[in-house]
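Worksheet: one structure, shown below.
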Number of protein chains: 2
Amino acid sequence: MNSRGFLTERQIQVLRLRRRGLSQEEVAEMLGTTRANVSILEKRAMQNIDRALATLKQWKMIQAPVVVRVPEGTDLFALPGIIFREADARGLKLPVNSIDILAGLKEIAPHLTRRRLIERSFDMYITEDGEIYLEETGGSCASRRDMA
Amino acid sequence: MNSRGFLTERQIQVLRLRRRGLSQEEVAEMLGTTRANVSILEKRAMQNIDRALATLKQWKMIQAPVVVRVPEGTDLFALPGIIFREADARGLKLPVNSIDILAGLKEIAPHLTRRRLIERSFDMYITEDGEIYLEETGGSCASRRDMA
């Protein structure tokens, strides 16, 4: 289908037949292989798709014009100001407002805050489209929410 | 940044610094490596991003609810009818009209037609969002156009 992607022709065949409602056993019979093999092909294909999505997220975060490190102990209500100052410094007008930022944070990562305090340090990435991604400074958490 | 993606931490570092306007030599110095190595890291990273995009295209094509094989010699003006019949058969209302389809084909793959004739056989994929992807039956051409 497209040799540049991470999916092999075989994986594509399996996903297509599965999407048409065939069982793994039926697909195995059509392709002359075992059900176990179809199961592996399908699993690897879905992993590749997940990793492709994660890669584009990495790329969006790399390109994000506004990245702010928010230290532990920051007053939650100070956060929008920090972000808008950073955007202003770069001459950017973000398509989000204070409420978007606070509501977004509460929604995608409620465990980072406690009442009005940031309890765990994180980096906040805001893309030009107004998408918000978070990454815990120490860890690997990365969530996002479409604010546009 | 996100361990599930195809970009390594090192590749992410390089892309970030490059996007801030640093030269490959400056990045090499910051990371304590050679310019040649930075160049390789950057190239591999961009290849991974391209392949991630190609993978999502593969996935969209797999999920496309309408796929029509258009044989060589087909009258160009018969094409929209063929596609709408296929969509109807699946109970789908496509967000494109006849002109969109013909203009889209002419734009993304002018070499497939000659006056009113399809000169080379291809498969046409239409996603639920009205995106159109083409794939030559024999070959590897795959283009797309956002019709929404």
Side-chain angles (χ1 to χ4, degrees), chain A residues 1-22 27 41-42 44-67 69 89-90 122-125 127-128 133-144, chain B residues 1-22 27 41-42 44-67 69 89-90 122-125 127-128 133-144:
Chain A
M1 182 184 272
N2 187 330
S3 55
R4 285 172 48 248
F6 285 109
L7 301 182
T8 65
E9 280 305 319
R10 197 74 166 169
Q11 289 173 345
I12 290 169
Q13 273 183 316
V14 168
L15 291 185
R16 268 204 186 133
L17 294 168
R18 291 283 286 147
R19 276 195 62 85
R20 284 187 208 153
L22 275 69
V27 174
L41 284 164
E42 189 174 351
R44 287 211 188 118
M46 294 313 297
Q47 282 171 344
N48 282 338
I49 292 164
D50 282 346
R51 291 193 68 191
L53 285 166
T55 304
L56 295 184
K57 186 163 152 184
Q58 290 177 319
W59 182 222
K60 282 190 186 176
M61 287 168 83
I62 288 167
Q63 294 177 295
V66 176
V67 181
R69 172 146 304 183
R90 294 170 185 274
F122 61 88
D123 291 328
M124 190 167 221
Y125 296 73
T127 72
E128 271 178 80
Y133 296 84
L134 297 184
E135 181 176 48
E136 279 184 57
T137 312
S140 55
C141 152
S143 332
R144 93 169 184 168
Chain B
M1 182 186 271
N2 187 329
S3 56
R4 285 171 48 248
F6 285 109
L7 300 182
T8 65
E9 279 304 319
R10 196 76 165 166
Q11 289 173 344
I12 290 170
Q13 273 183 317
V14 168
L15 291 185
R16 268 204 186 132
L17 294 169
R18 292 283 286 146
R19 277 196 62 85
R20 283 186 210 155
L22 276 67
V27 174
L41 284 165
E42 189 174 353
R44 287 211 188 117
M46 293 313 296
Q47 283 171 344
N48 281 338
I49 291 165
D50 282 344
R51 291 192 70 191
L53 285 166
T55 304
L56 295 185
K57 187 163 151 183
Q58 290 176 320
W59 181 222
K60 282 189 185 178
M61 287 168 83
I62 289 167
Q63 294 177 296
V66 176
V67 182
R69 171 146 303 182
R90 293 171 185 272
F122 62 87
D123 292 328
M124 190 169 221
Y125 296 73
T127 71
E128 270 177 81
Y133 296 85
L134 297 182
E135 182 176 48
E136 279 185 56
T137 312
S140 54
C141 152
S143 331
R144 93 168 184 168

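Only heavy atoms go into these numbers, but all of them, side chains included; no hydrogens, no water, no symmetry mates. Proteins get letters first, then strands, A, B, ... in listed order; numbering begins at 1 in each.
Summarising the geometry, atom CZ belonging to Arg18(A) is positioned 13.0 Å from atom CD1 belonging to Ile62(B); distances are rounded to the nearest 0.5 Å. In this structure, the separation between CH2 on Trp59(B) and CE on Met46(A) is 4.0 Å, given to the nearest 0.5 Å.
Side chain of Arg51(A) to main chain of Gly5(B): a donor-acceptor pair is present (N/O by atom type, distance under 3.5 Å, no hydrogens or angles). Looking at Thr55(A), its side chain does come within 3.5 Å of a backbone N or O of Phe6(B) through a donor-acceptor pair.
Heavy atoms closer than 4.5 Å to chain A are found nowhere in Asp123(B), neither backbone nor side chain. Residue contact with chain B, scored on non-hydrogen atoms closer than 4.5 Å, involves the backbone and the side chain of Gln63(A) alike.
The two residues Gln58(A) and Ile12(B) have their closest heavy-atom pair at NE2-CD1, 3.7 Å.
The environment of CD in Glu128(B) is sparse: at most 12 heavy-atom neighbours from other residues, nucleotides or ligands sit within 6.0 Å.
In terms of non-hydrogen atom pairs under 4.5 Å with chain A, the most contact-rich of Asn48(B), Leu53(B), Ile49(B) is Ile49(B).
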